[in-house]
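Step one of this worksheet: look at the structure below.
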Amino acid sequence: MKKVLVTGGLGYIGSHTAVELLDAGYEVLIIDDLSNAELDVLEGIERITGTKPHFEKIDLRIKDDVEDFFLRNEVDGIIHFAASKAVGESVANPLLYYENNLHTLTYLLQQCLKHEIHHFIFSSSCTVYGQPDELPITEDAPVKAAYSPYGNTKQISEEILVDTCKATDLQSISLRYFNPIGAHDSAEIGELPIGTPQNLVPFITQTAAGLREALSVFGDDYPTPDGSCIRDYIHVVDLAEAHVIALQRLFNKQNDAGYEVYNLGTGRGCSVLEVVSAFEKVSGQKLNYKIVARRPGDVISVYADTSKAKEMLGWSTKLTMEDALESAWKWEKKIRNL
Ligand code: WQD
């Protein structure tokens with residue numbers, strides 16, 4: 001049974017990927033520093049899969065601790081989620097992002113070389129494209145000057161992987177996510193934003209649950225059909241499954257190059273106001289929202305060209321945005337005992 005290390009494996013996407021890896025028959029080891037995740041997510045993973053992954057609380061910025069982990073644990077492949085990911089926070093505190101997102105990647109890759117771990121999946125983001133010139137966005141679209149230090153760390157991380165794969169036997173795939181939403185249908189795991197949610201869907205479900213007065217829609221004066229921004233919202237379970245498929249591609253030596261990149265989206269763009277009305281439909285309740293000023297740094301419209309992942313990985317999304325919103329609402333009601 002191949003052993004897969006999932007860094008940030010108690011986080012939102014990491015925990016959903018750990019479930020899919022266990023369901024696919026892999027042994028899963030999780031490292032998380034619990035800065036943006038809760039330990040009882042481990043029990044949630046166990047309740048879904050019947051298996052409690054090996055877990056170690058490690059801050060990947062501490063090089064000795066990273067080295068020590070690999071001396072004690074055998075690993076065949078790594079899926080690397082652990083990173084800081086709040087766009088706004090990265091603008092206010094760039095050095096935290098450059099240290100936490102880049103040093104940790106280099107320490108992990110050094111261990112890959114030392115312990116001959118050749119398979120590495122990286123959690124990247126559509127944010128590397130900035131505001132694209134053409135839509136839908138293909139993987140060949142130009143990577144533009146990042147809108148934030150967070151986005152810049154994703155761009156630099158990809159460059160670190162390109163250079164490392166060129167110089168060594170490392171085989172790696174970067175997965176560029178669009179907007180992950182939703183939760184596992186068991187409602188045993190889901191998104192757990194700390195404090196005020198930055199992202200749209202958790203803010204919607206918290207508003208519907210009565211934790212927030214109203215959703216602020218950041219602008220309805222954009223050049224889009226209804227004036228609000230357009231994004232590609234992908235169910236987190238579809239996203240998680242893509243990680244297993246990408247890792248299997250490397251394990252089975254099916255990759256065409258030492259380094260590959262794939263967009264992970266639905267290929268469909270949805271506006272903020274369309275998400276709001278879809279949520280009202282699936283939840284059966286009116287959502288209280290108000291239109292406010294645009295949020296600085298928002299791109300107008302971004303959604304994926306998904307043909308490469310479909311062709312090369314044989315992967316495409318199976319779940320709809322309504323499925324995702326329904327699961328997000330079911331999760332919110334579960335954690336709020338509604
Ligand atoms: C989506 C849309 C907002 C909140 C970011 C990162 C990306 C990834 C996902 C980490 C936008 C609008 C939002 C609210 C709103 N993160 N909105 N009211 O900004 O597309 O992507 O999160 O990997 O890298 O850039 O996601 O959910 O913040 O916003 O109107 O309270 O919802 O303006 O149009 P975003 P988001």
Side-chain angles (χ1 to χ4, degrees), residues 8 11-14 16-17 36 80-91 97 100-101 122-132 137 143-144 146-155 157-158 174-182 191 193-208 211-236 239 243 263-266 269-279 287-304 321 324-325 328:
Y12 175 41
I13 305 169
H16 285 83
T17 302
N36 193 24
H80 178 43
F81 293 101
S84 302
K85 55 146 245 171
V87 172
E89 183 189 44
S90 78
V91 175
Y97 276 68
N100 193 35
N101 293 6
F122 177 64
S123 163
S124 190
S125 168
C126 64
T127 204
V128 301
Y129 297 117
Q131 175 60 63
I137 305 174
V143 168
K144 292 203 174 161
Y147 269 57
S148 68
Y150 159 75
N152 203 23
T153 64
K154 290 300 180 185
Q155 290 180 8
S157 296
E158 289 196 11
S174 283
L175 298 173
R176 290 175 179 167
Y177 313 153
F178 284 69
N179 287 58
I181 61 170
E191 201 164 0
I194 294 175
T196 308
Q198 298 306 303
N199 294 127
L200 177 64
V201 171
F203 205 106
I204 287 178
T205 56
Q206 287 194 12
T207 302
L211 278 76
R212 307 284 162 195
E213 183 55 38
L215 167 75
S216 297
V217 172
F218 297 139
D220 69 347
D221 57 350
Y222 284 98
T224 61
D226 65 14
S228 63
C229 292
I230 291 170
R231 296 289 185 276
D232 184 332
Y233 296 96
I234 175 172
H235 197 302
V236 67
L239 190 65
H243 287 74
N263 285 340
L264 296 184
T266 66
C270 272
S271 74
V272 176
L273 292 174
E274 284 171 328
V275 175
V276 170
S277 47
F279 178 79
L287 187 81
N288 193 18
Y289 70 89
K290 58 189 179 196
I291 307 292
V292 299
R294 294 181 176 190
R295 179 173 69 174
D298 271 336
V299 294
I300 301 166
S301 177
V302 66
Y303 53 92
M321 186 178 69
L325 291 171

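Residues take their numbers from the sequence shown, with the count starting at 1. Start at 1 and go down the list; that is how both ligands and their atoms are numbered. Just so it is clear, the model here is predicted, and its values are computed rather than measured.
- Taking the six-membered ring where tryptophan is involved, the planes of His80 and Phe122 are tilted, since the angle between them lies from 30° to 60°.
- Paired with Tyr177 under the rule side chain to side chain donor-acceptor pair (under 3.5 Å), one option of Ser123, Ser125, Ser124 passes, and it is Ser123.
- Considering Arg295, Gln206, Gln198, Lys154 only, the shortest heavy-atom separation from atom 19 (O) of ligand 1 involves Arg295.
- Contacts between Val87 and ligand 1 below 4.0 angstrom, taking non-hydrogen atoms only, involve the side chain exclusively.
- When all heavy atoms are compared, the tightest approach of Asn288 to Glu213 is ND2-O, 3.0 Å.
- You'll find the ring centres of Phe81 and His16 outside the 6.0 Å limit.
- Residue Ser216 touches ligand 1 through its backbone alone, judged by heavy-atom distances below 4.0 Å.
- Between Phe218 and ligand 1, a contact under 3.5 Å exists for at least one N or O pair.
- When only interatomic distances are considered, the shortest N/O to N/O separation between Lys85 and ligand 1 does not fall below 3.5 Å.
- Within ligand 1, counting atoms from 1 as listed, the ones closer than 4.0 Å to a heavy atom of Val272 are 2 (C), 12 (C), 30 (O), 32 (O), 34 (O).
- Considering both main-chain and side-chain atoms, Leu200 comes within under 3.5 Å of ligand 1 through a nitrogen or oxygen pair.
- In terms of protein heavy atoms, atom 21 (O) of ligand 1 is closest to Asn179 ND2, 3.7 Å.
- Distance check on atom 8 (C) of ligand 1: every protein heavy atom falls at or beyond the 4.0 Å cut-off.
- Residue contact annotation: Tyr233 has a non-hydrogen atom under 4.0 Å from ligand 1.
- In terms of heavy atoms, Asp298 sits closest to Arg231 at OD1-NH2, 3.6 Å.
- Ligand 1 has at least one atom lying under 4.0 Å from a heavy atom of Tyr150.
- With hydrogens and angles disregarded, no donor-acceptor distance shorter than 3.5 Å links the side chain of Glu191 to the backbone of Ile181.
- At least one donor-acceptor pair closer than 3.5 Å links the side chain of Asp226 to the backbone N or O of Ser228.
- Ligand 1 places these atoms under 4.0 Å from at least one heavy atom of Cys229: 34 (O).
- Of the heavy atoms in Leu215, only side-chain atoms (C-beta onward) come closer than 4.0 Å to ligand 1.
- The minimum heavy-atom distance between Pro193 and Gln206, with the atom names listed, is CG-NE2, 3.9 Å.
- The backbone N or O of Lys144 sits less than 3.5 Å from a side-chain atom of Gln155, completing a donor-acceptor pair.
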